[in-house]
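Here the structure comes first, spelled out in structure tokens, and everything after it is commentary.
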Amino acid sequence: MKAALIAPKFDVAGRIVTVEQTGDGNVNDTYMAIFRTTFSEERIILQRINKRVFSRPEYIMANMRLLTEHVHRRLEAEAHMSDRIWQLPRVIAAKDGTDFVIDADGEYWRAITLIASAHSYGQVQSIEHAHEAGFVLGNFQRVISDLGVDNLYDTLEGFHITPGYLEKLDRALETNEGQARLHASVEAQRAKRFIDDRREWCSVLEDAKAAGELALRPIHGDPKISNIMIDDATGKGTCIVDLDTVKPGLIHYDFGDCLRSCCNPAGEEMQDLSRVFFDTDLCEAIVRGYMVHARSFLTEADRDYLYDSIRLIAFELGLRFFADYIAGDVYFKTRYDGQNLNRARVQFKLTESIEARKKHILDILAKA
Ligand code: GN1
Ligand code: MG
């Protein structure tokens, strides 16, 4: 169903002016709706949750309620000590009192408030921007740290479990379509070899978790640069959005994801691979920002795996894109044929660049 028919079902004052698609998410569909009354205007974010990815949308909304109310309370309580105004979206209930609307096609829709006077960017704009990204992530992990992993649903089973993505790839390669996709492209075969060379290592974080070295905590799950909002008025980070994957996990998934996203100035969709590299100056700035809060909650063992997490999450995202390409583009939305293969190649180029700069990255982490 059309977003414009769904918007009036949420509990917002006024009449609808426009409902337009916004954002460039790879999974859900996002719209901005403007409501106006005689004397005011409200802009809200409306999203259709991709049920092929999130099989239990009600888990997402339960986590989001719990999380947003908890974080709003904490941010309010700390507001007098803060150097900035932090924001976090609020869940907008439907007029029938539930947290989502199910349309005639069985699709789940939810509404949240829009973050005021702030923007996010697809690529890091400056050293200061990188610092803010790290700072926002560290603060978010801090304010959700006392939510309790047992109180959160697992909204996406297997998320960031790298060996699981390897299994998915292997299964997709057993099909005729998978074999055809692999053999049709030299680049795909090269990507497959790149993955094969890292098979043994890719369980590094899961092994540390199983050995009890690393513990589950509440995490964001997707702290890429385009999910970090920068205040238009101050240039400071003000919010992290996209809360669907807040769930129990390793904080390393977040740390690695933030760095693999922010330190690649070329962005995820770049087609000229020669422009993709891991920028260690940006890395230094993110780590500096992140550590302002993370320093107090990172254990020695946590620190031992930070480098691996950067390398791993870049590799893992490449593996996820590649497995989806081989499976026929069933998970990530695509706009052109071969887009998932190109996205995978970008992440593998980035992984190589991270590997080549290992010593420098370890130095940055040791000083942090
Ligand atoms: C997906 O949907 P979006 O764009 O927020 C993906 C992330 C990836 C990201 C890469 C639920 O996020 O894990 O890192 O694409 N989300 C899910 O851009 O798989
Ligand atoms: Mg996301």
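Read the numbers this way: they start at 1 and go in the same order the structure lists the ligands and their atoms.
- Ligand 1 has no atom lying under 4.0 Å from any heavy atom of Lys333.
- The pair Lys333-Asp29 meets the salt-bridge criterion, since a charged nitrogen lies less than 4.0 angstrom from a carboxylate oxygen.
- Look at Arg193 and Asp197 and you find no salt bridge, because none of the NZ, NE, NH1 or NH2 atoms lies under 4.0 Å from a carboxylate O.
- The only option from His220, Gln141, His160 that meets the side chain to side chain donor-acceptor pair (under 3.5 Å) definition with Asp254 turns out to be Gln141.
- Checked against a 3.5 angstrom limit, the closest N/O atoms of Asn28 and ligand 1 fall outside it.
- Comment: Asp302 engages Arg217 in a salt bridge, judged by a side-chain N to carboxylate O separation of less than 4.0 angstrom.
- When distances to the Mg ion (ligand 2) are checked against a cut-off of 2.8 Å, Asp242 contributes an N, O or S atom below that limit.
- In this structure, Arg345 forms no cation-pi arrangement with Phe348, as its terminal cationic atom is not both closer than 6.0 Å to the ring centre and no more than 45° off the ring axis.
- The N, O or S atom of Asp222 with the smallest distance to the Mg ion (ligand 2) is OD2.
- In terms of protein heavy atoms, atom 13 (O) of ligand 1 is closest to Arg320 NH1, 2.9 Å.
- Contact annotation for Arg260 and ligand 1: only side-chain heavy atoms (C-beta onward) come within less than 4.0 Å of the ligand.
- With respect to atom 7 (C) of ligand 1, the closest heavy atom belonging to the protein is Asp222 OD1, 3.7 Å.
- The shortest separation from a heavy atom of His160 to ligand 1 is not under 4.0 Å, leaving the residue out of contact.
- Less than 4.0 angstrom separates some heavy atom of Leu156 from each of these atoms of ligand 1: 11 (C).
- Side-chain contact between Arg110 and Ile45 is absent, with no heavy-atom pair separated by less than 4.5 Å.
- Put simply, the side chain of Ile225 reaches to within 4.5 Å of the side chain of His129, judged on heavy atoms.
- At least one N/O-N/O distance between Lys224 and ligand 1 falls below 3.5 Å.
- Scanning all protein heavy atoms for the shortest distance to atom 15 (O) of ligand 1 gives Asn26 ND2, 3.0 Å.
- In this structure, Arg343 does not pair ionically with Glu268, as no charged nitrogen and carboxylate oxygen lie closer than 4.0 Å.
- The residue from Phe159, Tyr331, Phe54 that puts a heavy atom closest to atom 19 (O) of ligand 1 is Tyr331.
- Of all protein heavy atoms, the one lying nearest to atom 16 (N) of ligand 1 is Val27 CG2, 4.0 Å.
- In terms of protein heavy atoms, atom 10 (C) of ligand 1 is closest to Glu268 OE1, 3.3 Å.
- The side-chain contact (heavy atoms from CB on, under 4.5 Å) test with Ile364 is passed by exactly one of Leu306, Asp281, Thr280: Thr280.
- Heavy-atom contacts of Asp242 reach the following atoms of ligand 1: 5 (O) (cutoff under 4.0 Å).
- Counting heavy atoms from C-beta outward, Ile310 and Phe278 have side chains that approach closer than 4.5 Å.
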